[in-house]
Amino acid sequence: MTEIPSKYEPLKAESKWYSYWMEKGFFHSVPDEREPYTIVIPPPNVTGVLHMGHMLNNTTQDVLIRRARMQGYNTCWVPGTDHASIATEAKVVAKLRSEGIEKRDLSREAFLDHAWEWTHKHGGIILEQLKRLGASCDWERTLFTMDDKRYSSVIKVFIDLYNKGMIYRGVRMVNWDPQARTAVSDEEVVYTEEKSKLYYVRYKIVGEEGYVMVATTRPETILGDTAVCANPSDERYAAMKGKHVIVPMTDREVPFIFDEYVDPAFGTGCLKITPAHDINDYEIGLRHNLATIDVFNDDGTMSERAGLFIGIDRFRAKELAEEELRRLGALVKVEDYINKIGRSERTHSVIEPKLSLQWFLSMKEMAKPALDAILNDTITIVPAKYKNVYRHWMENVRDWCISRQLWWGHRIPAYYYGNGEFVVAASAEEALEKARLAGGNKNLSLDDLKQDEDVLDTWFSSWLWPIAAFDGINKPDNPDINYYYPTRVLVTAPEILFFWVARMIMAGYEYRGKEPFSDVYLHGIVRDRQRRKMSKSLGNSPEPISLIEKYGADGVRVGMLLCAPAGNDLLFEETLPEQGRNFANKIWNAFRLIITFKTDDNIKQPAASEAAVRWMDGAINKTLADIDDSFARYRISDALMQAYKLFWDDFSGTYLEIIKPEFGKALDGRTHSETLRILEMLMRILHPFMPFITEEIWQRMGERTDGSSIMNEMMPEAGPYDPAMLNRFETCREIISAVRTIRKEKNLPLREKLVLCAAAGSTGNEFDSVIIRMCNLSEIRTVEGKIAGAASFRIHTSEFFVPIDEGIDHEEEIKKLNEELAYTEGFLASVMAKLDNEKFVSNAPEKVIALERKKEADTRARIATLKESLSHLQK
RNA sequence: GGGCGAUUAGCUCAGUUGGUUCAGAGCACCUGCCUUACAAGCAGGGGGUCGUAGGUUCGAUCCCUACAUCGCCCA
């Protein structure tokens, strides 16, 4: 006993058992005859560090994987990292800048060398951190989205889709990030409401004295105006038909046009049209055949074509434009205005809608099977509310801009020769052959080819993840892909439902003809107490590794899961891992108690212990059924809470208290072995949630052979149980609780033995011995009628008495009984209101009426008992 | 602006195909205990007219309508 500390110390056990599991290769999977259970990790950014979102995400996956492993599945959890094109490139650019090196001064090759160096230096840290959490990933299968197999998979898919005519190149309005100097997808733009100004500017009408007034938030783009527009139904502007106006600051004449798009109620009802810099204007421009004038450079400065403020940054240009308009007398007024500003998710720079030549993947056709899979439940989304959200997105899906003006990523395999003509091929050599054929120029050499400078969107590699993880693109018929695909469940955050989940489903159908996973489990976002998203800049995110060091990995896992109902955000605070740690400590001390029992095989098993074992087995079976149900619905926090209560309340709080021998005495052998059996079973139930402490205890519980581990034991299966028996025990618990209350109220010390009196039939089952044991009774006496000078309580329809030496306070007892009587009579009145209602009696189902009649009878009996007791006391 | 969802105890959430003694849990809170596994503990306790107003029904926290508030997604 002295060598086992009273507080569980997690750190030592954690490193010990994790190394043991690794050394024995328990996480590794190879195809065999068992049913597979596969999960591919949502790959974290290769140079990222673990944050609370990863903790939640990976704890969840580990719980599912460990449970499945214990259920006999061949489990395979594939880890890996994502090259995170924009994020990583931005970090490398910043790092180089801090060393005085600008990206534009480097060649592509030199820059990529730096990027790889950075990746090798910082890459994989996050995976090491996951090991601290206990993640049972198959580390022998660790992947990277830019490793050779994944790289070639991406290129192969690009070529294939291009050949199928689904990838095309075109000029489109894209979201331009002037800081990263790249296009970003619609999904990477975050809109927030920001304060801005609305400028009222007048445009002179050509050939007349008058003006039209336009309201705009962007005076600097006036330089790119190619029309002014009003709604055709707006009579205020009917006279403008066929006229032209002069754009201020330039002397350009542009037409006044009419389009339904314009909202007459907004501003002056008159809109300036800048097709190069607004998506709606662009579409109006297409309808009316307007010219486009791009007034910005790629870095957000004003371009030559602006004609004014050339080379000046767009924000400064806005100020200058305001001044200039004022000077020209064209600025009529300026109002404060709140509008939605789109910013780049990565750089937070204000997105500029910009026309540019990009690569696109057409989505319509791919979206169809992906939508059907969700609608017909081939793939189940949990929580189901996202089904609608998904459908809405898929029905309105737009083509995916897949090119990025970056270097870090999969370079687009298009090779240009001559005048903008190009071929798409896996290598330069192959491209040369194709180009010679296509161009009819046999003398073309490698030097004449120029590969596209752009790389592909990061998601263009991660959408292949469940297939590429098993090399199913390069070798579509290899044993791994055939065995592990489709995977079982994808665990991720709802914010990447479209970015990633939807596209994986599309790729799954396109390249395997099958869904990539059967379930999608979307967990919440980790926030702080004030519901703010956890972020580095806010400094409100705890450091996961220090949390593990403080509370233990098991404690942190429990803390994460406890507050994580599916689909709801979790409000994290440190009391949660603290609760987890406390639970681990509780388990530890229960174990400590059990192994320090002295046992004596000659002692006969007490009746209370025998009853306790029977009840505990029933309680376990019931809880196992509940846990199964919770897991089936991905109610993981519920499953954990069920196991938590089973261990803490039922096993520690109740069972152990019943079987615990009196001080100094030994435990009978039978109860001892039953208790060990039960503890072992509980460890297996808890193992998926708390892998370390359960392994530590399991290993200490008996002789274990080298190579044995609780993680490879079978999860107990829910067996039959007798609900009536469990109910009898609940009554027994209520009686115990009531007697304890009397002890407390009457100040009766625990050591003093009491007598419990009850009418025949009120007790007398297998749990009497438990009541005697837990209440420290000398006996349960069967009596008839009332007992004078006794404290009383009522459970269901039975009345119980505890005689007290010095008698009881009559007045107080009368008061209590009167309160109880008033409440009970009130209840009877509500029952009678129903039963006296003819319509209720004639309409309600028989079952319900029978129940109400039983309520009535029981309540009347109880009232009679209370009244009798009162008259007894008042004598 | 369009769509989706939510509103139940101080906090975070369960719940009911509308009827089991008039709503449960965890945490927090209050009271009493250093009782020989555990004070990271034990025993006991308080706390909700289920967002508001109508409607359907014998009966509504649950179904319908409107309103209010909040959140998410899309434009």
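Throughout, protein chains are lettered first and strands after them, A, B, ... in sequence-line order, and every chain is numbered starting at 1.
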Is [X] salt-bridged to [Y], cutoff N-O under 4.0 Å?
X	Y	value
Glu662(A)	Lys665(A)	yes
Glu696(A)	Arg700(A)	yes
Asp858(A)	Arg862(A)	no

With a 4.0 Å cut-off on heavy atoms, is [X] in touch with a base, just the backbone sugar-phosphate, or nothing at all?
X	value
Ser830(A)	nothing
Arg743(A)	nothing
Glu662(A)	nothing
Arg581(A)	base
Asn388(A)	sugar-phosphate
Tyr644(A)	sugar-phosphate
Leu750(A)	nothing
Ser737(A)	sugar-phosphate

Can you list, by residue number, the residues of residues 831-838 of chain A that have a non-hydrogen atom closer than 4.0 angstrom to RNA chain B?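 Within residues 831-838 of chain A, the residues near RNA chain B are Asn837(A).
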Which whole number of Å gives the distance between the [atom1] atom of [N] and that of [M]?
N	M	atom1	result
A25(B)	G15(B)	P	15 Å
G19(B)	G24(B)	P	14 Å
G41(B)	G47(B)	P	25 Å
U56(B)	C13(B)	P	35 Å
C72(B)	G59(B)	C1'	36 Å
U52(B)	A68(B)	P	15 Å
C62(B)	U7(B)	P	11 Å

Identify which nucleotide among [options] has an atom closest to any side-chain atom of [X], counting heavy atoms from C-beta outward.
X	options	result
Lys744(A)	G44(B), G41(B), C22(B)	G44(B)
Arg398(A)	G5(B), A25(B), A75(B)	A75(B)
Ala590(A)	A37(B), C27(B), U21(B)	A37(B)
Thr741(A)	C38(B), G45(B), A43(B)	G45(B)
Ala844(A)	G41(B), G19(B), A43(B)	G19(B)
Arg635(A)	A37(B), G19(B), A14(B)	A14(B)
Lys7(A)	U36(B), G5(B), A39(B)	A39(B)
Phe498(A)	A25(B), C73(B), U31(B)	C73(B)
Lys855(A)	G5(B), G26(B), U20(B)	U20(B)
Leu571(A)	G41(B), U12(B), G19(B)	U12(B)

For Phe499(A) and Thr492(A): C-alpha separation, side-chain torsions, deciding distance, then whether side-chain contact (heavy atoms from CB on, under 4.5 Å) applies. CA-CA 12 Å; Phe499(A) 268 130; Thr492(A) 191; over 6 Å; no
Check whether Ser737(A) reaches the backbone of Arg733(A) with its side chain - one donor and one acceptor, N or O, closer than 3.5 Å.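 Side chain of Ser737(A) to backbone of Arg733(A), a donor-acceptor pair under 3.5 Å: no, none is there.
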For the aromatic rings, using the six-membered ring if either is Trp, is the centroid distance between Phe591(A) and Trp588(A) under 6.0 Å?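 That pair passes the under 6.0 Å test.
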Give the C-alpha distance, both sets of side-chain angles, the deciding distance and a yes or no for side chain to side chain donor-acceptor pair (under 3.5 Å) between Thr60(A) and Tyr634(A). CA-CA 10 Å; Thr60(A) 307; Tyr634(A) 288 95; over 6 Å; no
Under 3.5 Å, is there any donor-acceptor pair linking the side chain of Lys854(A) to the base of U20(B)?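 Answer is no: no donor-acceptor pair is held.
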